[in-house]
Amino acid sequence: MKRTWSGRIGRHCKSIALAVQVVGMAFVYQQIWEWRPDYFRVESKLNDLPLDLYLAAHSYSVTSGRPLPQFTDPDVDAAVARIRGAYRDLQARTAVIDGERRALDARRKAEQQDNVPFQASMWRQAEAYRKSRTAPFDSQLAAIARQQQDILDAHHARTNEELPAGPDAIRHADLAIKAAELRVKAIQADIDASDHILKNLNAFQRQPAQQAYLARLRETAALEKRLSDHQLSIYDLNGRLYDAFAAYLTAAKAKLGYLDFLYFSLGGATTANFGDIAPNHSIVRALYSAQIVISMVLVAWWINDFISGKPRRRRSRRKPAASSAEPA
């Protein structure tokens with residue numbers, strides 16, 4: 001009698017162990033799913049997004065034409081629509097940025113070519129202004145030089161040192177002093193003109209061709225400002241896509257609950273998994289394989305006890321009849 005009860009208890013313990021394993025592993029799988037949903041592969045493609053959603057959002061913001069994953073589960077259509085809307089906005093904005101960047105590069109190349117004649121024209125005007133400020137002194141110096149030469153010619157002298165003492169020598173010396181004063185004034189006028197040019201360069205940029213060039217520069221600056229604003233807005237759009245991805249994964253997690261993983265665990269225990277939920281990482285594969293092996297051992301042990309227990313029950317039933325016959 002004791003052996004019979006101990007056998008029954010042993011068989012029940014194995015059944016309980018198998019049931020506890022199925023239930024417990026379902027809980028383990030659910031916790032892994034909450035932690036890393038990408039460790040599982042779901043047939044309805046609920047979790048085909050990478051775990052690092054920030055990098056995912058950034059990778060989809062380029063104009064490389066990378067398509068979004070194919071979302072097929074109708075239960076998360078709202079989350080999918082949100083992702084696709086943010087994705088379209090990102091692609092549209094990055095396409096605008098790409099076009100503006102190409103336009104900006106073309107403008108800069110054209111400006112480099114146009115800058116050479118622009119600068120040449122500006123400095124020609126500046127040089128003309130400088131000469132206009134020093135021209136009066138140059139003409140006076142030329143007149144003084146002619147007067148000095150006339151004095152030298154009148155005395156057949158080549159330098160002032162060869163002039164005889166007298167009024168002409170004094171007059172030649174006075175003219176030399178006057179010429180020196182004029183040269184100082186000419187140098188000061190040249191310095192003042194150069195300073196004016198540097199402080200008022202825009203005054204030498206008023207020719208029609210120069211004005212057109214400056215207008216193109218202003219347009220380029222406005223394009224650079226727009227491009228910078230659009231590039232900054234990409235961060236906001238990346239954030240929108242990130243939030244959409246997060247909402248999608250939240251919906252995916254809500255889609256699979258404990259009962260789904262109980263079904264997954266039972267499929268492993270009975271080796272009857274249909275593949276609609278499957279391991280997608282070595283850790284889950286190792287746990288699932290270990291569960292299958294342990295389940296097979298427990299089931300084989302339970303079947304062995306069940307089969308080997310039948311003859312014992314028959315013998316135990318026959319023994320009372322034999323014992324009752326002996327006293328007779």
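Nothing fancy with the numbering, it's 1 onward along the sequence.
- Contact annotation: the side chain of Arg108 approaches that of Glu224 to within less than 4.5 Å [non-hydrogen atoms, C-beta and beyond].
- For Arg130, the side-chain contact (heavy atoms from CB on, under 4.5 Å) partners are Glu127, Asp190, Ala193, Ser194, Ile197, not counting sequence neighbours.
- Ile16 and Leu262 fall into different hydrophobic clusters, where Ile, Leu, Val, Met, Phe, Trp and Tyr are joined by side-chain heavy atoms under 4.5 Å apart, directly or via other members.
- Although no hydrogens or angles enter the test, the distance criterion places a donor-acceptor pair under 3.5 Å between the side chain of Thr220 and the main chain of Arg216.
- Cluster annotation: Trp35 and Val284 are assigned to the same hydrophobic cluster (Ile/Leu/Val/Met/Phe/Trp/Tyr, side-chain heavy-atom contacts under 4.5 Å, transitive).
- Looking at Gln210, its side chain does come within 3.5 Å of a backbone N or O of Gln207 through a donor-acceptor pair.
- Taking 4.0 Å as the cut-off between side-chain N and carboxylate O, Arg240 and Asp89 count as a salt-bridged pair.
- Residues passing the side chain to side chain donor-acceptor pair (under 3.5 Å) test with Ser233, sequence neighbours excluded: Arg93.
- Contact of the Tyr258 side chain with the Val23 side chain is registered, since non-hydrogen atoms from C-beta on lie closer than 4.5 Å.
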Check the pair Asp195, Lys199 against salt bridge (Lys or Arg N to Asp or Glu O under 4.0 Å), reporting the backbone distance first and the verdict last. CA-CA 6 Å; Asp195 185 64; Lys199 291 180 179 179; 3.2 Å; yes
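- Every residue two or more places apart in sequence or in another chain that forms a ring-ring contact (aromatic ring centres under 6.0 Å, His included) with His281 is listed here: Tyr39.
- Tracing side-chain contacts under 4.5 Å through hydrophobic residues (I, L, V, M, F, W, Y), one reaches Ile97 starting from Leu90; they form part of the same cluster.
- Between atom NE2 of residue His196 and atom OH of residue Tyr129 there is a gap of 4.0 Å, rounded to the nearest 0.5 Å.
- Residues that satisfy the ring-ring contact (aromatic ring centres under 6.0 Å, His included) test with His155, not counting sequence neighbours, are absent from this structure.
- By the 4.5 Å heavy-atom criterion applied to side chains, Leu18 and Ser295 are counted as neighbours.
- Under the 4.0 Å criterion applied to side-chain N and carboxylate O atoms, Lys225 and Asp229 are assigned as salt-bridge partners.
- The distance from atom CZ of Arg82 to atom CG of Leu241, rounded to the nearest 0.5 Å, is 10.0 Å.
- Thr270 has its side chain out of reach of Val299: every pair of non-hydrogen atoms, C-beta onward, lies at least 4.5 Å apart.
- With sequence neighbours excluded, the residues forming a side-chain contact (heavy atoms from CB on, under 4.5 Å) with Ile187 are Ile191, listed by chain and number.
- When the shell of 6.0 Å around CZ of Arg206 is examined, it contains 12 or fewer heavy atoms from other residues, nucleotides or ligands.
- Distance check: Gln149 CD to Ile144 CD1 gives 14.5 Å after rounding to the nearest 0.5 Å.
- Residues Ser139 and Pro136 share a closest heavy-atom pair of OG-O, 2.7 Å.
- Looking at Tyr29 and Tyr288, their side chains come closer than 4.5 Å, going by heavy atoms from C-beta outward.
- There is no side-chain donor-acceptor pair under 3.5 Å between Gln119 and Tyr213.
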Give the intermediate values and the outcome of side-chain contact (heavy atoms from CB on, under 4.5 Å) for residues Leu201 and Trp123. CA-CA 9 Å; Leu201 281 177; Trp123 291 115; 4.0 Å; yes
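- If you look at Phe40 and Phe261, their ring centroids are closer than 6.0 Å.
- Pairing each heavy atom of Ala169 with each of Pro164, the nearest pair is CB-O, 3.5 Å.
- Proximity of Thr94 to Asp98: side-chain heavy atoms (C-beta onward) are nowhere separated by under 4.5 Å.
- Using a 4.0 Å cut-off between charged side-chain N and carboxylate O, Glu100 and Arg107 make no salt bridge.
- Using a distance-only test at 3.5 Å, with no hydrogens or angles considered, a donor-acceptor pair links the side chain of Ser265 to the main chain of Val22.
- Residues forming a ring-ring contact (aromatic ring centres under 6.0 Å, His included) with Phe27 (at least two apart in sequence, or on another chain): none.
- Side-chain polar atoms of Gln205 and Gln125 form no donor-acceptor pair below 3.5 angstrom.
- Distance check, rounded to the nearest 0.5 Å: CG of Asn160 to CG of Asp168 gives 12.5 Å.
- Distance check, rounded to the nearest 0.5 Å: CD of Gln148 to NZ of Lys178 gives 11.0 Å.
- A heavy-atom distance below 4.5 Å is found between the side chains of Leu141 and Arg183.
- Linking Ile, Leu, Val, Met, Phe, Trp and Tyr residues whenever their side-chain heavy atoms come within less than 4.5 Å places Met296 and Leu287 in a single cluster.
- Taking CD1 from Ile294 and OG from Ser289, the interatomic distance works out to 11.0 Å, rounded to the nearest 0.5 Å.
- Under the 4.5 Å side-chain heavy-atom criterion for grouping Ile, Leu, Val, Met, Phe, Trp and Tyr, Ile234 is connected to Leu223 within one hydrophobic cluster.
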